[in-house]
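Before any comments, here is the structure.
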Amino acid sequence: MEGITLQVDESDTHLSVQIRPAELQSKLDIKSLHNMLKNSEFADFYISDDAILTLLSNLQKSIKSESDEPVMERVGERRQNSVKCKLEDGKLSATMTITKGYGAPALTVQSLIADAKDNKIMRGLSSKRVYALHETFQVANSGETVSAVIAKGLPAKTGRSSKLQPLVQNALERILRPQTANHGRVDMRNLGDIICVKVGSELLRRLPPSNGRAGYTVTGEIIKPKAGEWLTLRPGDGTAISEKDENLLIAEISGMPKFKDQKMWVDDTYICKGVNVGTGNVNYNGAVLVNGDITEKMEIIATGDVTVNGFVESATIHAGGDIIITEGAMGKVNDAGTQYSTVLRAKGSIHIQHGQGLDIKCDGGVTIGRQLAFSKVVCRKEMYVGPVDKPNGNLFACSIFSQNRVQAGTFGAVSGSNLTIDFSEGFNTLLARKDSLDELVRQIRQNCSRHQDRMKIIHSKFIPDDLRGKVNAAQEMFENENQLMQWLEQKAVELAANKDDYQQRIMIMANKRIYPGVVVKLNNRTWRAEREFSKANVSFHGHQWNCEPVTT
């Protein structure tokens with residue numbers, strides 16, 4: 001533009017505008033001057049609006065005074081890019097922040113990496129992250145700031161705590177894993193010897209904790225790990241710590257070993273060849289091992305496991321642990337289907353090879369080796385009919401009350417006999433607990449709100465010194481009440497999650513087929529098999545039962 005000259009100083013940093021009033025051919029304003037600067041070779045420079053306004057003001061003064069002297073003002077400057085690195089998270093990460101300059105030379109990835117190293121960032125530096133930051137920087141406008149994590153250290157990993165390793169199997173675990181015969185084939189008839197340890201037998205070993213893994217900071221400093229903790233080895237009943245090895249638990253008595261909830265003990269075991277009229281009923285404080293049959297109307301009551309290496313007929317067994325029947329169990333059912341001559345009750349799980357006419361109730365799971373018919377089952381955990389890895393047994397003409405999935409090969413029978421699987425009891429228990437807890441939370445929340453309002457009023461007043469102690473005590477009680485409310489609210493959230501989890505896990509899984517007459521219930525939600533289904537799963541989602549074929 002005529003009459004206007006742009007020039008930079010010797011340092012190539014500051015931009016000045018010189019205006020010769022006599023040579024101007026048109027009126028000059030801030031907009032036209034900005035456009036001229038934008039279209040010049042100095043378009044990337046930082047331009048000060050205040051300086052331009054000062055320049056135009058001086059120009060107006062010069063024109064009014066009819067002076068021919070040029071008007072000159074420094075209106076812009078070249079600003080360099082700013083690169084800063086910040087260590088965070090205890091030097092476990094480094095963030096690079098770049099403020100884009102005005103008319104500054106272009107930055108390269110190599111220069112950014114060099115800047116990082118100048119800031120002692122030596123380890124965990126990611127070229128990929130630096131490239132990504134550089135690309136963001138290139139498209140940014142002058143004056144904008146971009147930032148990204150460019151390096152990450154490795155936190156030290158605390159060592160694993162010591163682990164308790166059982167050296168003997170629980171009886172039920174051994175029964176559920178048939179022994180391998182020649183050529184790697186599994187012999188379903190060979191269930192292994194019933195485990196009964198002698199005095200001095202090794203039961204449990206405490207494995208040492210690991211040392212953990214060292215870490216490092218982005219500046220290259222090594223972070224020492226914390227070693228794992230030693231678990232306390234607590235001998236259970238019938239066990240003792242070995243005098244030769246403080247990490248070894250041995251048997252103090254002969255009996256049946258049991259490992260549960262990180263605890264090992266040995267039940268004093270009563271062993272007999274059978275239970276019949278000749279031997280009488282068995283009531284024993286410990287485990288019972290029957291190497292024979294249990295005949296009609298006989299009873300076994302034990303505080304530990306009951307293992308029957310034989311057959312059970314119309315008998316009653318109560319166990320404080322698991323019940324294991326390696327053969328079958330048979331009973332009679334009255335016409336109304338309300339009374340069973342064979343009753344099995346266990347605090348743990350129950351395993352039977354095959355059964356009919358049984359009343360089964362346990363706190364654990366139920367496994368049936370081959371077939372179960374005309375029986376009643378109440379259990380809290382999974383029920384398998386057939387091998388646990390792929391249940392293929394038969395389940396028909398039964399009433400099952402479960403709180404977890406039921407798996408079998410075939411559900412129901414060709415004859416169409418009724419088979420009912422009801423998941424309502426556990427769900428209703430959860431609902432009752434949830435409703436009670438929700439009501440309690442509601443009441444405490446109301447109390448907290450009311451007490452909070454009162455505490456605000458108290459704190460807004462002048463408190464005499466002789467009452468300050470009582471006010472502090474009231475404040476402490478209010479804080480405790482508030483903590484209790486928060487804890488109860490968390491428990492209410494967990495119960496709601498448990499409710500959803502319950503609905504997701506209940507199902508029946510048929511690995512062969514489902515016959516007509518099979519009924520699955522969750523309160524008033526019922527699914528009934530009106531026809532025969534091949535391999536399928538019946539699960540509960542979307543507030544209803546769904547039968548989905550399995551193609552694999």
Side-chain angles (χ1 to χ4, degrees), residues 1-88 94-121 127-150:
M1 183 178 292
E2 293 292 335
I4 300 177
T5 303
L6 304 179
Q7 61 186 28
V8 293
D9 61 5
E10 294 179 355
S11 65
D12 195 30
T13 302
H14 299 101
L15 173 66
S16 298
V17 175
Q18 185 186 70
I19 303 177
R20 296 178 295 279
E23 297 179 15
L24 288 177
Q25 297 178 352
S26 61
K27 185 178 179 181
L28 186 64
D29 58 19
I30 189 170
K31 183 177 180 181
S32 59
L33 191 54
H34 263 299
N35 289 335
M36 185 190 72
L37 291 171
K38 186 177 181 181
N39 295 322
S40 71
E41 59 181 308
F42 308 108
D44 291 336
F45 274 50
Y46 171 76
I47 304 300
S48 171
D49 289 339
D50 290 340
I52 290 179
L53 290 174
T54 300
L55 174 66
L56 294 176
S57 176
N58 292 336
L59 175 62
Q60 293 300 322
K61 292 178 181 179
S62 178
I63 293 174
K64 287 182 179 180
S65 64
E66 298 181 352
S67 172
D68 293 332
E69 292 295 324
V71 178
M72 190 172 181
E73 187 71 30
R74 182 185 292 176
V75 299
E77 63 183 2
R78 191 191 303 274
R79 291 186 175 180
Q80 299 299 320
N81 299 308
S82 170
V83 181
K84 295 181 180 180
C85 293
K86 182 180 179 182
L87 302 180
E88 298 175 322
T95 300
M96 177 175 282
T97 301
I98 309 174
T99 302
K100 192 166 186 177
Y102 293 82
L107 285 177
T108 64
V109 173
Q110 289 71 22
S111 66
L112 294 178
I113 293 176
D115 284 333
K117 292 181 178 179
D118 289 341
N119 282 272
K120 298 182 180 180
I121 300 172
S127 298
K128 184 177 180 180
R129 292 175 183 270
V130 177
Y131 271 103
L133 177 61
H134 182 258
E135 289 180 359
T136 306
F137 163 78
Q138 285 183 309
V139 298
N141 295 321
S142 295
E144 286 188 354
T145 297
V146 295
S147 179
V149 174
I150 60 167

Fill in the blank from the handout: Distance col, row T95:OG1 vs I150:CD1, nearest 0.5 angstrom, shows 8.0 Å
Exercise for the section: Verify side chain to side chain contact (heavy atoms under 4.5 Å, CB included) between L6 and V17, making sure each step is shown before the conclusion. Expected result: CA-CA 5 Å; L6 304 179; V17 175; 3.5 Å; yes
Completion exercise
Note: H34 and D49 closest approach over all heavy atoms is NE2-OD1, 2.8 Å
Practice task
Have a look at S147 and tell me which of T97, T99, T136 forms a side chain to side chain donor-acceptor pair (under 3.5 Å) with it.
Solution key: T97
Handout entry: Nearest-0.5 Å distance that lies between atom CD1 in I113 and atom CG in D118
Key = 12.0 Å
Problem - Under 3.5 Å: donor-acceptor pair, side chain of S65, backbone of K61 - result: yes
Exercise for the section: Quick one: do V109 and S127 satisfy side chain to side chain contact (heavy atoms under 4.5 Å, CB included)? Show the steps, please. Expected result: CA-CA 8 Å; V109 173; S127 298; over 6 Å; no
Exercise for the section: Evaluate the ring planes of F42 and F45, with Trp represented by its six-membered ring, and classify them as parallel (under 30°), tilted (30 to 60°) or perpendicular (over 60°). Expected result: perpendicular
Problem - Smallest separation among heavy atoms of M96 and L112, with atom names - result: CE-O, 3.4 Å
Handout entry: Minimum heavy-atom distance L37-S40, with the two atoms named
Key = O-OG, 2.7 Å
Practice task
Scan side-chain atoms only and decide if D50 and S48 contain a donor-acceptor pair under the 3.5 Å cut-off.
Solution key: no
Exercise for the section: Could you tell me the separation between the OH atom of Y46 and the OG1 atom of T13, rounded to the nearest 0.5 Å? Expected result: 15.5 Å
Handout entry: Residues forming a side chain to side chain contact (heavy atoms under 4.5 Å, CB included) with E135, sequence neighbours excluded
Key = none
Problem - Qualifying salt bridge (Lys or Arg N to Asp or Glu O under 4.0 Å) pairs, either residue in residues 69-84, two or more places apart - result: D12-R78, E77-R79
Fill in the blank from the handout: Between the NZ atom in K100 and the OG1 atom in T145, the distance rounded to the nearest 0.5 Å is 12.0 Å
Problem - Taking every non-hydrogen atom, the tightest pair across S16 and M72 - result: CB-CE, 3.7 Å
Problem - Interatomic spacing from NZ in K86 to CD1 in I121 - rounded to 0.5 Å - result: 12.5 Å
Handout entry: Taking every non-hydrogen atom, the tightest pair across I30 and L56
Key = N-CD1, 3.4 Å
Practice task
Identify the heavy atoms of N81 and G101 that sit nearest to each other, and give their distance.
Solution key: OD1-N, 2.7 Å
Handout entry: Verdict with reasoning, L33 to V75, per side chain to side chain contact (heavy atoms under 4.5 Å, CB included)
Key = CA-CA 11 Å; L33 191 54; V75 299; 5.8 Å; no
Practice task
Verify, without hydrogens or angle tests, whether N35 (side chain) and N39 (backbone) share a donor-acceptor contact under 3.5 angstrom.
Solution key: no
